[in-house]
Colleague: 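Sharing a structure with you now.
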Number of protein chains: 2
Amino acid sequence: MTEKTSTLQDVARIAGVSTATVSRALSYPGMVSESTRDRVAKAVQASGYRINRTARNLRTQRAHSVLVMLPDLGNPFFSTILEGISRSLSNKGYSMLIASTHQVHATGERLVDYLDDARADGMIILDGGLTADTVRSLEKPPHAQRILFACEWIDDMDFPSVRSENRRGTSTAVRHLHSLGHRKIGHVTGPQDNVLTHARREAFEAEVKSLELPLPPEWIIQGDFTLTAGGLAAKTWLALDDRPTAVFCASDLLAFGFISELSRHNIKVPDDVSVMGFDDIGLAEQFIPPLTTMRQDRLRVGETAANMLLNRLEGNKDESDEHMHVVPVSLIVRDSTAAPP
Amino acid sequence: MTEKTSTLQDVARIAGVSTATVSRALSYPGMVSESTRDRVAKAVQASGYRINRTARNLRTQRAHSVLVMLPDLGNPFFSTILEGISRSLSNKGYSMLIASTHQVHATGERLVDYLDDARADGMIILDGGLTADTVRSLEKPPHAQRILFACEWIDDMDFPSVRSENRRGTSTAVRHLHSLGHRKIGHVTGPQDNVLTHARREAFEAEVKSLELPLPPEWIIQGDFTLTAGGLAAKTWLALDDRPTAVFCASDLLAFGFISELSRHNIKVPDDVSVMGFDDIGLAEQFIPPLTTMRQDRLRVGETAANMLLNRLEGNKDESDEHMHVVPVSLIVRDSTAAPP
DNA sequence: CATTTCTATGCAATCGATTACATTATATGA
DNA sequence: TCATATAATGTAATCGATTGCATAGAAATG
């Protein structure tokens, strides 16, 4: 019935040493003699001592936790990234706090509060669409050093970041379609004002241009990363006089929605049109048809993000101190792409 | 350039009162006179004071945070529940810590450490499959009061819990199929040794029995909540001599996998066989065909879980103090079920 | 007017760790 | 052998809030 957990004092008393010695025995074993090390170890064992992290945090002025900020917790795209972040953090004894942008907004909290009130040492932001106000408060010196963007980022600001190879991924996708024989390639974009949308769209246009393919403006269809938008895009595609024979979607969900809607109209993928996604989420492999897509290594994005942030927080300049880390993407060819009809 | 955030002392100095008064002005405004309340408010404003939660937590012996324990962060099923939990917590000024069972296991941490080392005041566990060791450490008095299970639970133990109506949901599903005219109904289960698997399977058998339908053992196919298992189950179904005309799957993912595999074999849903899921995850509506399923209100499960736990932690006996809260599920009829061929 | 109650505030201890500095014991070197 | 460097430990301040107790002044009571 250990009603109250025991403290350093208890351990010190049992071991017959001072609290300072116990603290050192635990944190810097090399600083104490072997015999006291043993005695302390036994005392810890006997008392079931667990360090009180709150006390440690207060004294050391660290929270030993990192806040992860997402646009929307309900979106499954982020869960694997979280898994990666969580792994790296817990390896180094950090806890992971989670909050969502629109929730913070709703409760009137400011994002920097997490830093200012010592709840978190740093934060990983997965949302490039922060309000201008928020961004302004983040740029200021005491905060800027503690922030890292992952997946998304903010143009014209140089917060450190981890991202996938959006440009190379996009051009790889276009070249894949081209190599299958497609000469009329369309694109369904992400939401307006999103950095990923821009990056992929620009890369798409550049690659199409360099392959000297035609690109009438109506072959670029505005979407927003969701299933629903994919369905709408399919309707737009159906209404075209001159339809692309292949479509590169900016996300897998878009591609799913696109294909689903087409199948309602009895149009077959890949027989009638080839469709590609971006992300390689879990369902892509099981979808009908299994989806050709660009795989983002979300686990690695997460792990890298956490490691980079921790290195900065702990001032490990030695570790390869990049400002922007780009994680490779890879082409996963499945059955949703084929030669044009 | 607020290099260092200011403390209570700073505010006290500016306002010309003691730190005790400042603390009271902020926490119990009614205890101080109006004039000091104003002076303190101005001083807070002027200094940009933010409370240091670590210090407060140490003094008050609370962490003001709750740990949420999931089996696997990568599983999108949980994200909406997290959203719900997070909402309730942040409304009451708590932070949400996240960890996954298999990760805690991997790092050699014990689950109770989070409680013992004062990182969290309580925890919400979404994983009924904890190791016996873990459970044993959780039952002990100082911990048991701080734990709540959501979605899943552990049989024969009476931790407080929030769950969906698994039994009623299952019998509703079976009756839906029955009312369409099906008399041969099969079931694809969740993973072995899972409480939800048992609850739904038992309810399934009971309902089938009460409707006096046949149920040869091979109509119950072992699965595990995943897409892949759904595909395998479809193969099993295909190999049956006498096939059920309707199949109730224990999760939506199972149903997706099941339907996908069937369509590879040119078997149409719902024309050739009706298929139901359980959960109503985001994709269910967009799937082809849109999936008939039992909707779990995951947001509400999450919110309720957080509220119940907080009430217990804060000792609000007054609030309707149930031990087990059951959240209703609802039948969502879409296009994957129809009359038997 | 004297006494009691109430209100608003201050003083200082406290939560449980870490760590600068002081101190003692031991080893090293001349 | 004595001075000095080194190793091991202890003492006590510290992090930044909260809160029990004490107190001064105002208000209420007789």
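Computed from a predicted structure; not experimentally measured. Numbers restart at 1 for each chain; the letters A, B, ... are given by sequence-line order, proteins then strands.
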Colleague: Rounded off to whole Å, could you give me the CG-to-P distance for the N57(A) and dA17(D) pair?
Modeller: 15 Å
Colleague: Donor-acceptor pair, distance only, cut-off 3.5 Å: does the side chain of H325(B) make one with the backbone of T304(B)?
Modeller: no
Colleague: So, is T60(A) close to the dA17(C) phosphate, meaning a side-chain N or O under 4.0 Å from OP1 or OP2?
Modeller: no
Colleague: Specify the residues of residues 11-24 of chain A, ordered by number, for which at least one heavy atom lies under 4.0 angstrom from an atom of DNA chain C.
Modeller: A20(A), S23(A), R24(A)
Colleague: May I ask you to decide if M308(A)'s main-chain N or O and N311(A)'s side chain share a donor-acceptor pair within less than 3.5 Å?
Modeller: no
Colleague: Is there a donor on the side chain of R59(A) or the base of dT14(D) sitting less than 3.5 Å from an acceptor on the other?
Modeller: yes
Colleague: Any side-chain N or O of Y28(B) less than 4.0 Å from the OP1 or OP2 oxygen of dT18(D)?
Modeller: no
Colleague: Distance check needed: dC15(D) C1' versus H64(A) NE2, whole Å only.
Modeller: 13 Å
Colleague: Taking the side chain of Q61(A) as heavy atoms from C-beta outward, which of dT9(C), dC15(D), dA17(D) is closest to it?
Modeller: dC15(D)
Colleague: For a quick check of understanding: with a heavy-atom distance under 4.0 Å over all strands, which category does T54(A) fall into, base, sugar-phosphate or nothing?
Modeller: nothing
Colleague: Hey, does the side chain of S18(A) reach the backbone of T21(A) with a donor-acceptor pair shorter than 3.5 angstrom?
Modeller: yes
Colleague: Under 3.5 Å, is there a donor-acceptor pair between the R62(A) and T60(A) side chains?
Modeller: no
Colleague: Could you please name the option among dT9(C), dT9(D), dA17(D) that lies closest to any side-chain atom of T36(B)?
Modeller: dT9(C)
Colleague: Treating D127(A) as the side-chain partner and L70(A) as the backbone partner, does any N or O pair qualify as donor plus acceptor under 3.5 Å?
Modeller: no
Colleague: Any chance CE of M324(A) has more than 12 other-residue heavy atoms, nucleotides or ligands included, within less than 6.0 Å?
Modeller: no
Colleague: Whole angstrom is fine here: how far is it from CG in D117(B) over to P in dA17(C)?
Modeller: 10 Å
Colleague: What is the distance, to the nearest angstrom, from the CZ atom on R62(B) to the C1' atom on dA17(D)?
Modeller: 16 Å
Colleague: F149(B): which residues meet the ring-ring contact (aromatic ring centres under 6.0 Å, His included) condition with it, sequence neighbours left out?
Modeller: F159(B)
Colleague: Round to the nearest Å and state the distance from L8(A) atom CG to dT11(D) atom P.
Modeller: 15 Å
Colleague: Can you tell me how far P of dG16(C) sits from CD1 of I51(A), to the nearest Å?
Modeller: 13 Å
Colleague: May I ask you to decide if R119(A)'s main-chain N or O and R53(B)'s side chain share a donor-acceptor pair within less than 3.5 Å?
Modeller: no
Colleague: Using five base pairs at each end to define the local axes, how bent is the helix from dC1(C)-dG30(D) to dA30(C)-dT1(D), to the nearest 10°?
Modeller: 40°
Colleague: M31(B) CE to dG10(C) P: how many Å, rounded?
Modeller: 12 Å
Colleague: Taking the nucleotide of DNA chain C with the closest heavy atom to each, which residue, R39(B) or T7(A), is nearer the 5' end?
Modeller: R39(B)
Colleague: Side-chain N or O of Y49(A) less than 4.0 angstrom from OP1 or OP2 on dG16(C)?
Modeller: no
